[in-house]
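One structure is given below, encoded as structure tokens.
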Amino acid sequence: MIKLRGWLLDVYDDEKEGVVLWLAGKDGRRHRFYQAFPATFYVGGPFPRLRELWRYLLSEPIPAVLSRTQRRDLFTGLVDVLAVQAPDPVSQNRLFWTVRGRFPDLDYYNADIPVALRYGAAHGLFPLAHCQVVAAEDGRVQAITPLDSRWDIDPSWPELRLLTIEPDVDPGHAEPTALIVKYEQKEKHIPLVPFRFLVIRLEACLKRYDPDLILTRWGDTWVFPYLLETCQKTGVACFNPNRDQGRQPREQEENSYYTYGQVIYRGRQVRLYGRWHIDERNAVMYGQYGLAGVFEQARVTGLPVQEVARKSPGAGITAMQMQVALREGVLVPYQKQQAESFKSAADLIRADRGGLVYQPLVGLHDNVAEIDFVSMYPSIMVHFNISPETVLSKSALAEPAQADLAPDGNKKIQFVPELGIPVDHSQIGLVPKTLKPLLARRIALKQRLAGLDSRDCRYGALKARSNALKWLLVVCFGYLGYKNARFGRIESHEAVTAYGREALLRAKEAAEDLGFTVLHMYVDGLWVRQEGKKTPADFQPLLQEVTARTGLPIALEGVYRWVAFLPSRLDKQVPVANRYFGYFQDGRLKMRGIEARRHDAPPFVAQTQMDMLKRMSQVPDGQPLAGCLFDLVLLLRRRLAELRAGRITPERLLVTQTLSRSLEAYRVPSPVARAVAQMEAAGKPTMKPGQRVRFLYTREAPGVWAWDLPGKPDPASVDVARYEALLLRAASALTEPLGLDESQLRAWVAGRATQSRFHFAMTGRRPAGAPVPAAWAFAQST
DNA sequence: TCCTCACGGGG
DNA sequence: GTGTACGTGAGGA
């Protein structure tokens, strides 16, 4: 008999054993356990069909336990279903696919729940849970008990062992010759040839150190495929990076998928058993929150560490909803994989129903407070009980037969502003139930962060965790409106945005009632100003008033010493909602929509714009911002001189764009398309949608030079004039609100004028000690 | 002037 | 195992 305390590392299914569990024991060792784990799915439909299914299942070789029962469907209430219990998760899955092939017309529930979730929900467990296991000597679990909750803010933690592997060069650009392996303080360069020695040395590292996590660069796309394929081809060695040596790593092919309006490319993947592999170059969200965020998401979502690291937060929030459903005895509908469908015309016409967007007062303003609703959409879902099943259809009320909506029924109805959609408040919906603890946890983490200095060693991990939670919250809103989501319904999505618009309008009224001018509003934030108010404390009464009027928490993002809202470049009379830059009293710069924030801007352009902003932030408080204009002109002259002299390295001139489609699908030879065509012509492997393409602008046809072509570009071929134009355009976005538009800026940068001439031209006065006229100071309104 | 195409949120 | 929609601006024809 074994009795062990430890932390749950991995759970996966096994045909013979049921589920396999790996624990990091308190004894410092890693332990493998297994446990029988029958899995049940449910089938709904007309009785005769269910009877046919019953007969069919009796003839199946997989021994299923069948019963008729009732379960709750989220939308329709109690339904009669056939429960099909398979002896283990692998047979459950196999049985489901066979049955679905033969009976595609029936409704399936709890059929495609990841085994780790199913098991976790059954035992109150989750990845990295602290738990106690009682097992037989052969590892068969007799009892497993959680010792902590996923919601613990400071859970006890195992000492995890981390090993990193990367090739000596980027395999996309050059042929690697060695692997670099690091663990503890050790660093090893292991040559790729002879291959047998490579495998022997790698296996020695894995055996000696026995890592829990292998963190790689290009591990998915190159390192592991190379190792596994070479083993197979040559037969000289056999390499298995799993901790569970009875299994081979699981490989998954590359794919491109469409999400949040853009295409994401994901290279092939290699997953391990008994330990984790994360390729940081291939884990889309990993860069957002790193390991601390991955662990945070694994704990709260219940998805295995390897999965959350690789999947989008959408999978995480779905997992959380599934667990709430499992706990509440609500059926989880099977998710049909539907082919990508285009929006119907009706969908497109229903535009402009999203967040409220206001037109800002164009120009430069001082002492502006930005106040933002805290996690606005999730807060709305919780506060107004928005969930696919609580948001009823309008016709539900119009029909007189709706006895259950009558006052004597137990439904308590509230109506969504603008839309008049009824929302049932008699019980808490699935989505609010899922979100509430998540929201509370994020607030708890943020409070802790607020008390820490950013240099504190705990700051980074807390920030990452808070960020990981934010993504789960954000995505939950998107899923509400996603018609293929298990628990989605477009009306609930619209209800959320309607409440959002309402809250923003109430906030505006509150601000105006308290004497503030509202300069701008954008979805969940307001920019307000009032003469004489500039400290954070000056805005506290407004925050309280807004919360009182909306029921939603709102926080001060900061007070800008100055902020400039930019007009449209195409028409200077037209304000645009999301192009602005500003400097907070606490020293932060914030900018939206300008080159410094755009992924496709060459670093040289973005950096110069950033340097100009930094120069502007050095203007002392109370002095006119335009006083630094000549310094900005000088800075630009220097940068242009460097550019013309060829002293800017080509790397800093690279434009990076995401390929949105395959090359053939381009109807216009845009710069990216030409760069990709160039690479294909040079025999490079075809670029996939979602991959990033880097290129230089060059003078001669085809006008671009794809960076991933072999060889180096000729520095003389760089299209300097084009970069000059890009630079001036970026710079003028900043100087325009100070009174210097693009053509004026161009003239001053091209000339040799000194400060005094510049000053005289701009002000009409001699510079000596002369104060800058009011026209230079802040524009208070349009 | 019209059409096509990339970007945005976060840090 | 992924899922918004829309406006802006640049570049090409």
Side-chain angles (χ1 to χ4, degrees), chain A residues 112-114 117 252 255-264 266 269 284-285 287-290 293 303 307-308 310-319 322 335-341 343 347-355 357 377 454 460 463-464 466-468 470-471 474-475 477-486 488 490 493-494 496-497 522-525 566-571 574-579 588-590 592-595 597-601 655-661 665-674 690 692-693 697 703-704 722 725-726 729 733:
Chain A
D112 57 342
I113 295 172
L117 284 190
Q252 199 175 315
N255 68 329
S256 296
Y257 57 86
Y258 191 72
T259 174
Y260 279 78
Q262 64 169 336
V263 184
I264 305 262
R266 192 170 289 171
Q269 303 184 27
V284 179
M285 296 305 286
Q288 301 285 337
Y289 33 68
L303 284 179
E307 303 300 312
V308 278
R310 292 160 182 281
K311 286 182 182 151
S312 92
I317 203 75
T318 303
M322 282 187 192
Q335 166 83 72
K336 294 181 217 57
Q337 284 294 320
Q338 288 185 355
E340 185 183 325
S341 60
K343 290 267 163 296
D347 287 336
L348 289 173
I349 289 163
R350 225 198 357 219
D352 204 24
R353 304 239 110 234
V357 173
Y377 287 162
S454 63
K463 183 92 200 160
S466 156
N467 207 16
K470 187 198 72 191
W471 278 104
V474 165
V475 171
F477 166 67
Y479 265 55
L480 263 189
Y482 169 38
K483 55 183 170 306
N484 290 345
R486 287 166 214 262
I490 191 67
H493 189 268
E494 288 174 346
V496 172
T497 53
Y522 193 84
V523 186
D524 63 350
L566 298 173
S568 163
R569 279 184 59 82
L570 299 175
D571 183 350
V574 177
V576 304
N578 217 13
R579 265 167 67 82
R588 281 176 300 143
L589 281 165
K590 181 167 179 174
R592 292 293 180 270
I594 61 175
E595 283 76 358
R597 283 198 56 101
R598 291 180 62 103
H599 289 315
D600 56 351
V655 176
T656 307
Q657 280 187 352
T658 310
L659 206 57
S660 65
R661 61 205 73 195
Y666 277 92
R667 279 167 294 183
V668 166
S670 67
V672 219
R674 297 197 308 263
R692 293 194 192 288
V693 182
Y697 286 119
V704 292
R722 182 146 193 179
L726 289 177
R729 190 196 295 152

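Note on naming: letters A, B, ... go to the chains in the order of the sequence lines (proteins, then strands), and numbering restarts at 1 for each one.
Across all strands shown, A:Arg597 has heavy atoms under 4.0 Å from base atoms, whether or not it also approaches the sugar-phosphate. Residue A:Ser568 is classed as a sugar-phosphate contact, given heavy-atom separations below 4.0 Å to backbone atoms only. Within 4.0 Å (heavy atoms only), A:Asn467 reaches no atom of the nucleic acid at all. Residue contacts shown for A:Arg588 are absent, as no nucleic acid heavy atom lies under 4.0 Å away. Across all strands shown, A:Thr656 has heavy atoms under 4.0 Å from sugar-phosphate atoms exclusively, and none from any base.
OP1 or OP2 of B:dA6 has at least one side-chain nitrogen or oxygen of A:Tyr666 nearer than 4.0 Å. For the OP1/OP2 pair of C:dA10 and a distance below 4.0 Å, the side-chain nitrogens and oxygens of A:Arg569 include at least one atom meeting the criterion. For the OP1/OP2 pair of B:dA6 and a distance below 4.0 Å, the side-chain nitrogens and oxygens of A:Arg692 include no atom meeting the criterion. Put simply, A:Arg661 has a side-chain N or O that comes within less than 4.0 Å of OP1 or OP2 on B:dC5. OP1 or OP2 of C:dG12 has not a single side-chain nitrogen or oxygen of A:Arg667 nearer than 4.0 Å. Between A:Thr658 and B:dC7 there is a side-chain N or O to OP1 or OP2 distance below 4.0 Å.
Atom-to-atom, CZ of A:Arg486 to P of C:dT2 comes out at 11 Å; the value is rounded to the nearest Å. Remark: P of B:dG10 and CZ of A:Phe477 are 15 Å apart, rounded to the nearest angstrom. The CZ-C1' distance, from A:Arg592 to C:dT8, rounds to 16 Å in whole Å. Look at CD on A:Gln657: it is 17 Å from P on B:dT4, rounded to the nearest Å.
Taking the six-membered ring where tryptophan is involved, the planes of A:Phe477 and A:His493 are essentially parallel, since the angle between them stays under 30° and well short of 60°.
Scanning both residues, A:Leu303 and A:Pro114, for their nearest heavy atoms gives CD2-CG, 4.4 Å. Across every non-hydrogen atom of A:Thr318 and A:Gly314, the tightest pair is OG1-O, 2.8 Å.
The side chain of A:Val668 lies closest to B:dC5 when the candidates are B:dC5, C:dT2, B:dC7. Considering only the side chain of A:Asn578, B:dG9 comes nearest among B:dC5, C:dG12, B:dG9. Out of C:dG11, C:dG12, B:dT4, the shortest distance to the side chain of A:Pro669 is found at C:dG12. Among the nucleotides B:dG9, B:dC7, C:dG11, the one closest to any side-chain atom of A:Tyr697 is C:dG11. Here the side chain of A:Val576 is nearest to one of C:dG9, C:dT2, C:dG11, namely C:dG9. Nearest to the side chain of A:Ser660, among C:dG11, B:dG8, B:dC5, sits B:dC5.
With hydrogens and angles ignored, no donor-acceptor pair closer than 3.5 Å exists between the side chain of A:Arg579 and the base of C:dG9.
On the C1' atoms, B:dG11 is 23 Å away from C:dT4, given to the nearest whole Å.
Side chain to side chain, A:Gln657 and A:Arg692 fail the donor-acceptor criterion of an N or O pair below 3.5 Å.
Atoms CG and CD, from A:Asp600 and A:Glu595 in turn, are 8.5 Å apart once rounded to the nearest 0.5 Å.
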